[in-house]
Q: 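The structure's right below; bear with me while I get my questions together.
All chains are named by letter (A, B, ...) in the order of the sequence lines, taking the proteins before the strands, and each is independently numbered beginning at 1. All values derive from a computational prediction rather than experimental measurement.
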Amino acid sequence: MHIPDGFLDPKTWGTLTAASAGTTGYALYKVREKMDEKLIPMLGITAAFIFAAQMLNFPVAGGTSGHFLGAMLACVLLGPWAGFLVMVVVLLVQCLFFTDGGLTALGANVFNMGVIGGLLSYYLFYYAKALLSRATSERSALLASTAVFSWFSVVLASIACSVELAVSGTVPLRTVLPAMVGVHALIGIGEAIITTVVVAVVLQARPDLVCSYSAPPIAQALTAEEVAS
Amino acid sequence: MSEGTLSRLMKNRGLLIFLGLALVVILVLAVFVSPWASSSPDGLEKKAEEKGFLDKAEETEPVWTRSPVPDYAVPGVENDRVATGLSGLVGVFITLAAALVIGLAAWGLGRLLKKKDAGSGEPSET
């Protein structure tokens, strides 16, 4: 879903570049006290995983492929703001080093995949998990919400992308919206499977590394370990 | 990273093993699996083609033309699969480094603001 140069008009990409730059600054400010010897390397490894996984296009219907987005994975593992920063890093590297996504569209791509697919989808996930965990275990609630909202993250990002294309006068909304949502509803199934499997594996191996798992958050887990040792 | 933070990481063997294993999986995906990924256009590109607005991108000169590895293929490598696999190798380490830099920048910002607060506020107890 990386928008190239030429699809968006200046008012659209200008506005979204400003919004994304502002959000990036705020995110750096938000995570400043959370960075420790666990979260900093986890930021690196999560970004590297998302970069690698985004290279793996899988076929969906009719000569179309899709690939993993990873915004929900990053937010579930690292918390929303650090997860957003990981998406900024991945999109920036793809744009500058691999001509994937235009430079003028970078702000729009960060907005679609980081703000909509990341932050917004994470908060929907968060409230769904809170509701579900009244009925079932924290672990099941986390995994079920991860599956559902990683699907939504892809679909919501594709809606945002369609609206931007329409606002730019590139294509009418009634043409692009059903087409984009249709294909991304399929791609979202792949997203849900990959995200849920990875979160389940990390939760099994190192539950302390899943920030959105309410049992001890990273900082407290560390103190507990230190006290124990 | 401060001495304390870095040495705490070095002492945390479980975390180091987890990170090492994750890096191995990531490198296998980026280097050995990526050359066999689907080369069909992705959702947006395909729909742009079908709905007739793909030329808008094709007719536009890219603003940034200095990508060292355009389109995930290391230039000058004859074999397409090798070129893609190598681009994955390069990309994983660039992304890893860039994310660590962002993490350290946020960490540095935290230290900086804390110091400033301590300097401007009431004299601290220490």
Q: Sort Val176(A) into side chain, backbone, both or neither according to what part of it lies under 4.5 angstrom from a heavy atom of chain B.
A: side chain
Q: Only pairs of heavy atoms separated by less than 4.5 Å count here; which of Gly91(B), Ala98(B), Gly14(B) has the most with chain A?
A: Gly91(B)
Q: Would you give the length of the straight line joining atom CE of Met42(A) to atom CG of Leu100(B), rounded to the nearest 0.5 angstrom?
A: 12.0 Å
Q: Could you measure the distance from the NZ atom of Lys38(A) to the CG atom of Leu15(B)? Nearest 0.5 Å is fine.
A: 7.0 Å
Q: To the nearest 0.5 Å, what is the distance between CG (Leu209(A)) and CZ (Phe18(B))?
A: 5.0 Å
Q: Which atoms of Cys161(A) are under 4.5 Å from chain B, going by heavy atoms: the side chain, the backbone, both sets, or neither?
A: side chain
Q: Quick check for you: among Ile187(A), Leu186(A), Val93(A), which has the greatest number of heavy-atom pairs under 4.5 Å with chain B?
A: Val93(A)
Q: Donor-acceptor check, side chain of Ser34(B) to backbone of Met55(A), threshold 3.5 angstrom: yes or no?
A: no
Q: Report the option among Gly110(B), Pro35(B), Gly88(B) that has the most heavy-atom pairs separated by less than 4.5 Å from atoms of chain A.
A: Gly110(B)
Q: Picking from Ile94(B), Ile102(B), Leu44(B), which has the most non-hydrogen pairs under 4.5 angstrom with chain A?
A: Leu44(B)
Q: Using non-hydrogen atoms only, which part of Pro4(A) is less than 4.5 Å away from chain B: side chain, backbone, both, or neither?
A: side chain
Q: Roughly how far, to the nearest 0.5 Å, is the OG1 atom of Thr95(B) from the CZ atom of Phe97(A)?
A: 8.5 Å
Q: Between Leu113(B) and Arg32(A), is the side-chain contact (heavy atoms from CB on, under 4.5 Å) condition met? List the steps.
A: CA-CA 9 Å; Leu113(B) 292 181; Arg32(A) 71 193 188 282; 3.5 Å; yes
Q: Apply the test side-chain contact (heavy atoms from CB on, under 4.5 Å) to residues Lys114(B) and Glu33(A): give CA-CA distance (whole Å), side-chain angles for both, the deciding distance (0.1 Å), then the verdict.
A: CA-CA 9 Å; Lys114(B) 217 176 216 172; Glu33(A) 309 239 299; 4.0 Å; yes
Q: Looking at Ala30(B), Gly52(B), Pro68(B), which has the largest count of heavy-atom pairs under 4.5 Å with chain A?
A: Pro68(B)
Q: Which one, Leu56(A), Leu103(A), Leu43(A), leads in non-hydrogen pairs under 4.5 Å with chain B?
A: Leu56(A)
Q: If you measure from CD on Glu45(B) to OG on Ser65(A), what distance do you get to the nearest 0.5 Å?
A: 8.0 Å
Q: When rounded to the nearest 0.5 angstrom, what is the spacing between CZ in Phe51(A) and CD1 in Ile26(B)?
A: 11.5 Å
Q: Under a 4.5 Å heavy-atom cutoff, which of Ala53(A), Pro59(A), Gly63(A) has the most pairs with chain B?
A: Gly63(A)
Q: Is atom CZ of Phe58(A) surrounded by more than 12 heavy atoms (other residues, nucleotides or ligands) closer than 6.0 Å?
A: yes
Q: Just give me the residue among Ile3(A), Thr99(A), Thr175(A) that pairs up with chain B most often, heavy atom to heavy atom, under 4.5 Å.
A: Thr99(A)
Q: Heavy atoms only, distances under 4.5 angstrom: which of His67(A), Gln54(A), Met1(A) has the most pairs with chain B? Name it, please.
A: Met1(A)
Q: Assess whether side-chain contact (heavy atoms from CB on, under 4.5 Å) is satisfied between Thr64(A) and Ser40(B), documenting all intermediate values.
A: CA-CA 5 Å; Thr64(A) 312; Ser40(B) 301; 5.7 Å; no
Q: Checking side-chain contact (heavy atoms from CB on, under 4.5 Å) for the pair Asn57(A)/Ser39(B): CA distance, chi angles, key distance, verdict?
A: CA-CA 7 Å; Asn57(A) 286 60; Ser39(B) 54; over 6 Å; no
Q: Would the distance check show the side chain of Asp5(A) and the main-chain N or O of Val63(B) forming a donor-acceptor pair, the cut-off being under 3.5 Å?
A: yes
Q: Which pair of heavy atoms, one from Trp107(B) and one from Met35(A), lies closest together, and at what distance?
A: CD1-O, 3.4 Å
Q: Among Val31(B), Asp71(B), Leu29(B), which residue has the highest count of heavy-atom pairs closer than 4.5 Å to chain A?
A: Asp71(B)
Q: Give me the atom names and distance for the closest heavy-atom approach of Phe53(B) to Phe7(A).
A: O-CE1, 3.2 Å
